[in-house]
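Here is the naming used below: chain letters follow the sequence lines, and residue numbers restart at 1 for every chain.
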Protein chains: 2
Amino acid sequence: MLTGREFCVTRIEKTNTSASLPQKCQHCTMRHAGLCATLTAPEMVQFNAMSHTKHFSAGQLIRLEGEPVSFYANVISGAAKTIKSTHDGRQQIVGLILPGDFIDRVFVEHAPCSVEAMSDMELCAYPRGRFEAIVKKDPDLEHRLLTLALDDLDQAEEWMLLLGRKTAREKVASFLLLLARRSHHFSCPHLVSERQAFAGPLTIHIPMTRNNMADYLGLTTETVCRQMTSLRKDGVIDLPDNHCFTCPDIERLEQEADR
Amino acid sequence: MLTGREFCVTRIEKTNTSASLPQKCQHCTMRHAGLCATLTAPEMVQFNAMSHTKHFSAGQLIRLEGEPVSFYANVISGAAKTIKSTHDGRQQIVGLILPGDFIDRVFVEHAPCSVEAMSDMELCAYPRGRFEAIVKKDPDLEHRLLTLALDDLDQAEEWMLLLGRKTAREKVASFLLLLARRSHHFSCPHLVSERQAFAGPLTIHIPMTRNNMADYLGLTTETVCRQMTSLRKDGVIDLPDNHCFTCPDIERLEQEADR
DNA sequence: CCGGAGCACTGATCTGGATCAGAATGGCAG
DNA sequence: CTGCCATTCTGATCCAGATCAGTGCTCCGG
């Protein structure tokens, strides 16, 4: 079995062989493999030199809101959430962090949100000081970081539409679609055509509990459950087990998600 | 009366005399006066050289989603909204653009959202090509733009908590609080203490219709109206007329907004 | 002056999703 | 194996906010 470090390096090398990869997919508006995909060979060497693998187990806190940030990291495996909460305890997940994503905002002294692992995670971590030193000397790299931040903003705005205006069923469908697109990406970004990869009903892992889904969608656990069974009964998805689903017809799911 | 151009220049000069202003207020997490506040004297000269005033009237479209971007701009007066909508017409305002804000994301070829004026507006516009050329040659300026994008992301995440987890009353209160903080900023950023400035019940302008408020808060017009009258009856705010309010006790309003 | 359009507001009713309650399942420790 | 706990799921009920319907106000053009 590979260690996280090896895996990370492998990915960087692979993505760099296939010349200038676009940062965004024209079909799904998702970014591909985050920062790593944009690194040049010399940058890659620098980052690898200072990287080390970190592990977190499900439920563990990676960052606490307001605490000083000590490292940045690429997610190798697992999933995390960034949380905001009202003072009386209602909470809203404001960001999903999946394999290929970067934690967290560059040049922000203190963490703007808490980050918590939703499953066991493997990170490729970079010490904050050394990471920022490299970025400061490389305007082009900073430009790419700016672009990534703008992509995050895009996604946040898309999610505001979901939270403010979509029904429970549309919310759940949109979420499953997001997972489908993200899982697909990370496994084979740009190597096969979108449609081809979506053709077969591939199995998609849901790396979190129904409760976390609810907190991400602005719903309750019960409502998420009901919508999941409703989508299953209507043949939109299959649910072989609690943490997996397959989708026989992605276009149908897109329709359910509305946008 | 001043023209927009004169006003914009005046502000730039004023903010630059008072040495390195912080970009964020420690009390309210809002950014102050956007890009302008961070410009150095030589940058200011460059920007002024290529700026020209643009006017838009209420309801006019400033950007159409997906269309190529031809200019960036600082807002001098008035208010605009950025919109996302489902394919069946439900719409959600994902961003408020108020005086001091910057339109729009740098280095994004095509507009990610439509932008529409909600009142008559005066902009200080910069042609896209020339603006980007300046930024590309100035890594430090790009760094500041990155920081602004991250601030926008912060605000978007705060709004996700509101959309997903707050009640109608809390939503309306949060919105009024946002307006109060923003109006106050633009008039006197960092020149007086927050508390002092908030002490008197200053009158705050609401630069949009109830319908736009609803689209920003993920509610209906009717619910916004009801919550406004409810807050008035409970003495949280006064409503001298439809597009103004005063707040006798900001802390009370903060409590109603929950966070 | 009137008439019409747009906006703010209010009352009555309806309903999607929250809340409450409990059953079924599965994983794990002993 | 048994017992415990966390999680998923389902049913019954409730209620915040949507929907529907109508009033009053202001602005504006003729």
Nearest whole Å is fine: how far is [N] [atom2] from [X] [atom1]?
| X | N | atom1 | atom2 | value |
| --- | --- | --- | --- | --- |
| A:Q227 | D:dG11 | CD | P | 14 Å |
| B:M213 | C:dC9 | CE | C1' | 13 Å |
| B:N212 | C:dG6 | CG | P | 15 Å |

Problem - A:R63 and A:E67 ion-paired at < 4.0 Å - result: no
Exercise for the section: Tell me whether the guanidinium CZ or amine NZ of A:K54 lies under 6.0 angstrom from the six-membered ring centre of A:F71 and within 45° of its axis. Expected result: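 Yes; both conditions hold, so A:K54 lies above the ring face of A:F71.
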Practice task
Flag this pair as yes if the NZ/CZ of A:R105 is under 6.0 angstrom from the six-membered ring centre of A:Y72 and inside a 45 degree cone about the axis; otherwise no.
Solution key: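 Because its charged atom misses either the 6.0 Å distance or the 45° angle limit, A:R105 does not stack over A:Y72.
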Exercise for the section: Looking at every strand, decide which applies to A:G59 at a 4.0 Å heavy-atom threshold: base, sugar-phosphate, or nothing. Expected result: nothing
With 3.5 Å as the limit, what N/O pairs link the protein to nucleotides 8-10 of chain D?
{"residue": "D:dT8", "atom": "OP1", "partner": "A:R210", "partner atom": "N", "Å": "3.1"}
{"residue": "D:dT8", "atom": "OP2", "partner": "A:R210", "partner atom": "N", "Å": "3.3"}
{"residue": "D:dT8", "atom": "O3'", "partner": "A:N242", "partner atom": "OD1", "Å": "3.1"}
{"residue": "D:dC9", "atom": "OP1", "partner": "A:N242", "partner atom": "OD1", "Å": "3.4"}
{"residue": "D:dC9", "atom": "OP2", "partner": "A:R210", "partner atom": "NE", "Å": "2.8"}
{"residue": "D:dC9", "atom": "OP2", "partner": "A:R210", "partner atom": "NH2", "Å": "3.4"}
{"residue": "D:dT10", "atom": "OP2", "partner": "A:T229", "partner atom": "OG1", "Å": "3.2"}

Exercise for the section: Measure the shortest side-chain to side-chain distance between A:E170 and B:R90 over non-hydrogen atoms and say whether it is less than 4.5 angstrom. Expected result: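 Touching, per the 4.5 Å side-chain cut-off.
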Handout entry: CG on B:D104 to OG1 on B:T82, rounded to 0.5 Å
Key = 8.0 Å
Practice task
Look up atom CG in B:L153 and atom CG in A:L153, then write down how far apart they are to the nearest 0.5 Å.
Solution key: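 Atom-to-atom, B:L153:CG and A:L153:CG are 5.5 Å apart.
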Practice task
Determine yes or no for a side-chain-to-main-chain donor-acceptor pair under 3.5 angstrom, with B:H243 supplying the side chain and B:I206 the backbone.
Solution key: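 Checking the backbone N and O of B:I206 against the side chain of B:H243, a donor-acceptor pair under 3.5 Å is found.
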Exercise for the section: Look at the side chain of A:Q155 and the backbone N and O of A:D152, then say whether any donor-acceptor pair between them is shorter than 3.5 Å. Expected result: no
Exercise for the section: Run through B:L177, B:I204, B:L96, B:D101 and flag the one making a side chain to side chain contact (heavy atoms under 4.5 Å, CB included) with B:R182. Expected result: B:D101
Exercise for the section: Assess the side chains of B:E122 and B:S77: does a donor N or O sit below 3.5 Å from an acceptor N or O? Expected result: yes
Exercise for the section: Go through residues 165-176 of chain B and report each residue with a non-hydrogen atom lying under 4.0 Å from DNA chain D, sorted by number. Expected result: B:T167, B:A168
Tabulated below should be each protein N or O lying under 3.5 Å from an N or O of nucleotides 22-29 of chain D; please produce it.
none

